[in-house]
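Throughout, protein chains are lettered first and strands after them, A, B, ... in sequence-line order, and every chain is numbered starting at 1.
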Protein chains: 2
Amino acid sequence: MRRSEIRGHLLDTALRLFNLHGYHATGIDLLIAEAGVAKTTLYRHFETKEDLILAALERRDEQSRAEMRAFVEQRANGPYERLLATFDFLEASVRDKQFRGCIFMSAAGEHKEAVDPVFRAAVMHKRLVLAYFEELAHAARFAEPKRVAETINLLHEGATAVAQVTRTGEPVRRSKRMAASLLAEEARAPTEPSARSAGAERQATALNAGRS
Amino acid sequence: MRRSEIRGHLLDTALRLFNLHGYHATGIDLLIAEAGVAKTTLYRHFETKEDLILAALERRDEQSRAEMRAFVEQRANGPYERLLATFDFLEASVRDKQFRGCIFMSAAGEHKEAVDPVFRAAVMHKRLVLAYFEELAHAARFAEPKRVAETINLLHEGATAVAQVTRTGEPVRRSKRMAASLLAEEARAPTEPSARSAGAERQATALNAGRS
DNA sequence: GCTTAAATATACCGACCTGTATCGTTTTGC
DNA sequence: GCAAAACGATACAGGTCGGTATATTTAAGC
């Protein structure tokens, strides 16, 4: 292995082990054994275990958001359909045999203090994902894109949590149907039940087309 | 402290620390110091730390489900309103200053193997909560009580997960509104959009009354 | 090709981990 | 009230934790 690849290889190994066993349960000795690297090397790249965790989360944050974007943009064309396609991406993630729950939620669950850098890194990831949902909701011309984004986000988190214990993709499909239903409602009645707009009608049509 | 109370006191102390710091991060030495008990005493009541965790989860499972039942039954009369009142109970839990996420999800997150007894205990709790939702959904005469229960459950989990990172009760209120909307839809169209029933109409009315 | 930086292997550190052993004291149940 | 059981305090075992030190080998860059 070329030396320039070692850092990335260490982070990938760390992410795999963190996902399999958690953060506290993953020891440095196991990590370097799995990575096939000397302990000195690890500590040349990362000052402490916490630094390693933070770097790993940062890497995974960028990876997973880029993957979601690519998946969604390739799968669906309109922003409305893309909002729903995020659930297809999530389902693919959850159906992975190695799926053990969201590693950012696990990170927050093992580092519960709000000031803990690891907790904050997990929060940051969640904020960026939410921002992507809001971007899509805005592009879909929803009257309240923030509200829509938070709805989608809540369904994502619920599906992920349930899937973590059921170990099936079914909760994700259920949450997608719930999202479709709620978005249709949202498009139908942006604020007041009487305040329909032509744009909202168009969205409702797109939504029904997106249902499967 | 009377000796008959020691076991319960140990479990309560353990649950408090598990909630604050997690399972791996909570050491036996800290636990006995906080409980004001000798190590010998702890190991007379529980063979291993895992046994302690399992007993603590069992205790908390019974406590929290009994509390939810009591809260919901006191707060609302009809099963339909009670289904929504579960979110009020959840909001109260989440607004607690000590809230650090669902301890059963944390347990599953730190013990990821499906055969791990701790993981299985967490799954068992989730199943029992789901059964309660289904009981309420059945009493509310929904056409598909299982589906309704899983919808409520997914919204609970989503709200809890989001609240774990935002540290606010707002996601729970949002999820309650989503539940109200989805249940209204469910009552309106139990299976086919055309298959309305008198019971479903009554439910829709009850639901609207439950909205705030 | 030579210098420099980074890799390796290994031994080690102090702290902390779960769990046990010992022993004197206190409480419980009959 | 007395025997048996549970308690508290302490010391300790064996292992693992995160992290360092040292000395040798390997590879990268000018």
Side-chain angles (χ1 to χ4, degrees), chain A residues 1-58 103 106-107 109-113 116-119 121, chain B residues 1-57 106-107 109-113 116-119 121:
Chain A
M1 173 170 18
R2 290 198 300 278
R3 284 180 173 168
S4 58
E5 296 172 353
I6 287 187
R7 185 187 150 93
H9 174 64
L10 277 170
L11 292 177
D12 287 340
T13 306
L15 284 166
R16 181 169 59 83
L17 296 176
F18 291 155
N19 180 59
L20 282 179
H21 311 303
Y23 296 85
H24 287 92
T26 298
I28 296 291
D29 291 331
L30 174 62
L31 170 60
I32 61 176
E34 289 280 315
V37 147
K39 194 181 268 196
T40 326
T41 303
L42 170 66
Y43 279 101
R44 188 181 310 282
H45 287 278
F46 308 100
E47 286 192 2
T48 65
K49 185 185 183 184
E50 181 175 279
D51 281 350
L52 169 71
I53 294 175
L54 291 173
L57 288 182
E58 195 174 340
I103 69 158
S106 286
E110 288 197 45
H111 305 84
K112 298 170 183 267
E113 303 275 340
D116 189 308
V118 177
F119 183 89
Chain B
M1 170 169 21
R2 292 198 300 278
R3 284 181 173 168
S4 59
E5 296 172 354
I6 286 188
R7 186 188 149 92
H9 174 64
L10 277 170
L11 291 177
D12 287 340
T13 306
L15 284 166
R16 181 170 59 83
L17 295 176
F18 291 156
N19 180 60
L20 282 179
H21 311 303
Y23 296 85
H24 286 93
T26 299
I28 296 291
D29 290 331
L30 174 63
L31 171 59
I32 61 176
E34 289 279 314
V37 147
K39 193 180 272 194
T40 326
T41 303
L42 169 66
Y43 279 101
R44 189 180 314 281
H45 287 277
F46 308 100
E47 287 193 1
T48 65
K49 186 185 182 183
E50 181 174 280
D51 281 349
L52 169 72
I53 294 175
L54 292 173
L57 289 182
S106 287
E110 288 197 46
H111 306 83
K112 297 171 183 267
E113 303 275 341
D116 189 307
V118 177
F119 183 90

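Between A:His24 and A:His111, the angle of the ring planes stays under 30°, which puts this pair in the parallel group of the 30/60° scheme.
Without hydrogens or angle criteria, B:Thr13 side chain to B:His9 main chain gives a donor-acceptor distance under 3.5 Å. In this structure, A:Lys49 contributes its side chain and A:Tyr23 its backbone to a donor-acceptor pair below 3.5 Å. Formation of a donor-acceptor pair under 3.5 Å by the B:Thr26 side chain with backbone atoms of B:Leu17 is found in this model.
Rounded to an integer number of Å, the gap from B:Leu52 CG to C:dC17 P is 15 Å. The distance between atom CG of B:Leu42 and atom P of D:dA9, rounded to the nearest whole Å, is 14 Å. If you measure from atom CZ of A:Phe46 to atom C1' of C:dA7, you get 15 Å, rounded to the nearest angstrom. Remark: P of C:dT18 and NZ of B:Lys39 are 8 Å apart, rounded to the nearest angstrom. Following rounding to the nearest Å, B:Tyr43 (OH) and D:dA5 (P) show an atom-to-atom distance of 23 Å. C:dA7 atom P lies 12 Å from atom CZ of A:Arg7, rounded to whole Å.
Within 6.0 Å of CD on A:Glu47 lie no more than 12 heavy atoms contributed by other residues, nucleotides or ligands.
Taking for each of A:Glu50 and B:Ala38 the nucleotide of DNA chain D with the nearest heavy atom, the 5'-most of the two is the partner of B:Ala38.
The stretch residues 16-32 of chain B comes close to DNA chain C through B:Thr26, B:Gly27, B:Ile28, B:Asp29, each having a heavy atom under 4.0 Å from the strand.
For B:Lys49, the listed nucleotide lying nearest its side chain is C:dT18; candidates were D:dG19, C:dA7, C:dT18. Side chain of A:Thr41, nearest nucleotide from D:dC7, C:dT20, C:dT8: C:dT8. The side chain of B:Ile6 approaches D:dC7 more closely than any other nucleotide in the set D:dG19, C:dT8, D:dC7.
Considering only residues two or more places apart in sequence or on other chains, B:Arg16 meets the side chain to side chain donor-acceptor pair (under 3.5 Å) condition with B:Glu34.
For the atom pair CG of B:Leu52 and OG1 of B:Thr48, the computed distance is 8.5 Å after rounding to the nearest 0.5 Å.
Within the 4.0 Å cut-off from OP1 or OP2 of C:dT8, not a single side-chain nitrogen or oxygen of A:Thr40 is found. For C:dA7, the OP1/OP2 oxygens have a side-chain nitrogen or oxygen of A:His45 closer than 4.0 Å.
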